[in-house]
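Side-chain atoms are counted along with the backbone in the values below, which use heavy atoms only and exclude waters and symmetry mates. We name chains A, B, ... by the order of the sequence lines, and we start the count at 1 in each one.
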Amino acid sequence: MQIRWLAVQLALWCAGLPQVVPAATPTTLLTQATVLGATDCAAVGSALTTKTVLVPAGKYRPFFKNSLDGNDGKQALAPQIEVPAFRLDAAAVTRGEYLRFVCQHPAWRRSNVKAIFAEETYLTGWSNDLDLGTQPQDQPVTHVSWFAARAFCAARNARLPTLAEWERAGGDAGAVAAAQRDETSAAGNPFRFAMGRPATDLRHSGLTFAGVWEWTADFNSVAAGNAGGSGSLFCGDGFRSNDARDYAAFLRYSFRSSLRGNYSLKNLGFRCAEDVRP
Amino acid sequence: MRPSLVQSLLLLGAAFALPANAADDSGSPTPAYLPHALPSIEGEEVAVLTAAPNVPPPITRRHATKVRLDVEVREHTKTLAEGVNYTYWTFGDDAPGGFIRVREGDLVETHFSNHPDNSVAHNIDFHSATGPGGGGEASFVAPGHTVTFAWRATTPGLYLYHCVAAPAGLHLTNGMYGLILVEPKEGMTKVDKEYFIIQGEFYTDAPFGTRGNRKFSLDKALKEQPDYVVFNGHVGALMGDKALRAKAGESVRFYLGNAGPSLLSSFHIVGEIFDSVYGEGGTDVNQRNVQTTVVPVGGSAIVEFVAEVPGRYELVDHSMFRAFNKGAMGALEIEGAARSDIFPGKLVERPYNPGTKLRRQVAVAIPAVNASKPAASSDPASQALLEHGREVYNNVCAACHQPNGQGLPGVFPPLAQSDFLMADPQRAVRVLLQGLSGPITVNGKQFQGVMPKLPLTDRDIAGVLSYVRSNFGNRGSAIKLADVSRTRTALEGKKSDQLATEN
């Protein structure tokens with residue numbers, strides 16, 4: 001049991017989370033979520049030690065061509081755009097971090113949140129406003145709306161990454177081919193590869209993706225459907241993309257275009273970005 | 001009859017509410033194309049969806065109604081073939097989705113739900129709907145959400161429905177397809193048996209039959225080279241005890257669909273002729289007496305025939321490599337009394353030696369082999385080998401020798417209680433290693449066919465031979481892996497000796 005206690009502490013330390021004061025018997029460690037939840041938010045602490053990664057300035061090619069010419073294949077590729085340097089969270093925001101946020105911002109607790117900002121599935125799985133229930137605190141928080149994610153980042157003096165920033169960092173265009181070689185992706189969701197994979201120059205940066213979709217600031221900005229504005233993606237859109245073989249990107253843009261700002265889905269989380277001051 | 005005031009008012013009201021109705025009674029010359037006359041909706045009912053291969057009963061009501069249709073999308077692991085798993089995306093519990101039956105003029109209120117555990121956005125495109133995307137845009141929905149949309153079944157016929165969310169090909173190949181029949185106002189002609197069959201394709205990261213969790217292969221998909229071409233979503237979905245059934249004398253109707261996404265289907269029943277074909281799933285019988293009908297990708301066809309001669313009939317895509325090697329095969333069992341008037345069958349068989357004087361045939365009785373050893377030992381290694389053998393058999397051998405080992409008379413020799421198989425175990429090993437051609441006699445019947453050399457491992461061969469030698473009424477000893485390896489080495493040695501001699 002002693003070893004287990006050390007392992008948990010180590011894991012918490014690695015995750016940059018505040019350590020829980022050990023209770024009298026090690027067995028209560030197994031219910032640490034409850035210890036946190038039952039809180040008295042003071043015990044949760046307020047110090048943030050989120051690990052971020054510097055994403056150097058680089059070029060990003062939007063997946064869809066903007067010009068109508070793209071529809072008849074006249075335009076080969078969308079022009080690249082400059083993405084200035086920014087910092088991005090190394091990993092998606094965890095439940096533990098989110099719990100700390102709702103401790104400090106009661107308006108975002110489950111029972112207080114306004115329906116226009118988060119639908120009824122907001123924080124599904126939590127036992128109550130301040131209790132994660134049986135869910136591990138070091139996993140990505142999901143069942144969070146775009147409004148809530150945005151508020152979380154703002155509270156940290158950060159913001160959601162733009163679509164261009166997110167795709168520049170995590171939308172590795174070679175993901176499909178790579179996933180074919182990646183045996184681990186066969187377990188569970190075989191389309192995990194679409195949910196993010198570090199760009200080539202960020203492979204060793206510590207940037208990780210955990211198999212959930214992630215909000216972006218302008219998730220609904222790409223008119224990824226027809227001119228009718230439904231925002232959905234269909235057969236003809238292959239002609240409008242830069243690379244009709246990038247199925248991972250199609251799955252991402254298709255998923256994003258099915259969203260509204262108050263949606264709170266089981267497999268949708270987020271991470272924050274920060275400006276880099278020159 | 002002179003209409004009452006109330007009737008007149010009702011008619012007037014109807015004319016304002018649904019102007020299309022007015023065209024029906026105008027008495028003016030019929031233009032080439034009429035706008036669809038939309039009948040008024042009376043009442044409400046819930047659609048009954050039937051799992052493949054079954055079809056809901058014919059619609060008996062004489063009016064249009066509002067049909068509530070519930071469809072839930074699931075993403076889950078299913079068995080594609082023996083020992084082969086794949087993550088299917090399905091309408092309802094399995095691929096294909098359930099068969100839907102509505103009547104011309106019905107209003108179909110579709111409640112479309114994307115399960116919260118799902119990973120991607122989905123939608124549904126009814127080829128039977130007239131409107132943008134067939135409902136694809138109206139139904140596009142995130143995981144953990146449900147949408148309700150409605151469409152009018154203006155036009156009778158047999159239609160495919162499928163998911164068309166990007167990338168559409170992926171959603172199709174993963175299993176998101178089904179059939180919907182919009183019955184014409186006057187109904188369909190009555191038949192005794194109805195079934196539906198949808199052809200589909202799977203593109204995986206390993207060749208046909210490779211065990212384990214298989215993943216989608218984008219490379220094969222873009223080349224349009226599926227590893228699997230199957231009926232009703234799985235290899236063997238219509239084989240063995242899942243074969244379709246009819247009685248001699250019954251009229252049978254198949255509703256056929258082809259989800260593709262790549263290959264046209266040339267649907268054929270070996271030994272049966274379609275009396276009527278509703279080409280491409282339209283409402284007219286456009287051809288009679290047809291051997292093979294094309295089912296276009298994203299389309300359908302309806303075939304009708306009378307089951308006459310009892311026996312087992314193979315259902316195939318006549319692009320035969322698909323049927324033999326990729327799973328595009330099913331079976332129809334017709335039960336009943338023999339029809340020697342239609343199919344007298346084999347009358348006589350004797351040796352044929354062109355250019356030589358026929359000698360009197362000497363019947364050689366092959367002595368039955370008494371199994372001296374127990375049929376199968378019960379240790380775990382032998383059990384695992386037998387289980388492996390069963391999978392090899394079902395994936396590789398059953399297409400010809402049949403799931404029950406009975407073979408096909410005159411074409412594929414039986415393995416069940418087969419004297420030829422049981423007489424010489426090492427000969428059986430050699431046959432699997434080298435293939436076999438030329439005449440053989442099995443249980444007193446002569447067969448003149450070719451069994452190709454198959455790409456089987458020593459373990460495959462030891463397993464499948466041990467399996468057939470201890471099943472289908474056979475009681476023989478297991479074949480050891482070492483014996484197979486030894487025989488293979490000996491044969492390959494002989495081959496290289498021959499090469500050395502020739503050189």
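For the pair A:L251 and B:L170, the minimum side-chain heavy-atom distance is below 4.5 Å. A:F255 has its side chain out of reach of B:S119: every pair of non-hydrogen atoms, C-beta onward, lies at least 4.5 Å apart.
Under the 3.5 Å distance criterion, the side-chain polar atoms of A:W213 are left unmatched by any main-chain donor or acceptor of B:V120. Panel note: side chain A:N267, backbone B:N118; a donor-acceptor pair is recorded below 3.5 Å.
Summarising the local packing, CD of B:E280 is surrounded by 12 or fewer heavy atoms from other residues, nucleotides or ligands at distances under 6.0 Å.
Taking B:Y159 as the reference, nothing meets the ring-ring contact (aromatic ring centres under 6.0 Å, His included) condition, with sequence neighbours excluded.
Separating the CG atom in B:D117 from the CG atom in A:L265 is a distance of 12.0 Å, to the nearest 0.5 Å. The NE2 atom of B:H122 sits 8.5 Å away from the OG atom of A:S254 when rounded to the nearest 0.5 Å. Here the straight-line distance linking atom OG of A:S258 with atom CG of B:N123 works out to 10.5 Å at 0.5 Å rounding.
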Without placing hydrogens or testing angles, list every side-chain donor-acceptor pair under 3.5 Å for residues 112-121 of chain A, not counting sequence neighbours.
{"from": "A:N112", "atom 1": "ND2", "to": "A:P106", "atom 2": "O", "distance (Å)": "2.7"}
{"from": "A:E119", "atom 1": "OE1", "to": "B:H145", "atom 2": "NE2", "distance (Å)": "2.9"}
{"from": "A:E119", "atom 1": "OE2", "to": "A:T121", "atom 2": "OG1", "distance (Å)": "3.3"}
{"from": "A:E119", "atom 1": "OE2", "to": "A:S264", "atom 2": "N", "distance (Å)": "2.7"}
{"from": "A:E119", "atom 1": "OE2", "to": "B:H145", "atom 2": "NE2", "distance (Å)": "2.8"}
{"from": "A:T121", "atom 1": "OG1", "to": "A:S264", "atom 2": "O", "distance (Å)": "2.7"}

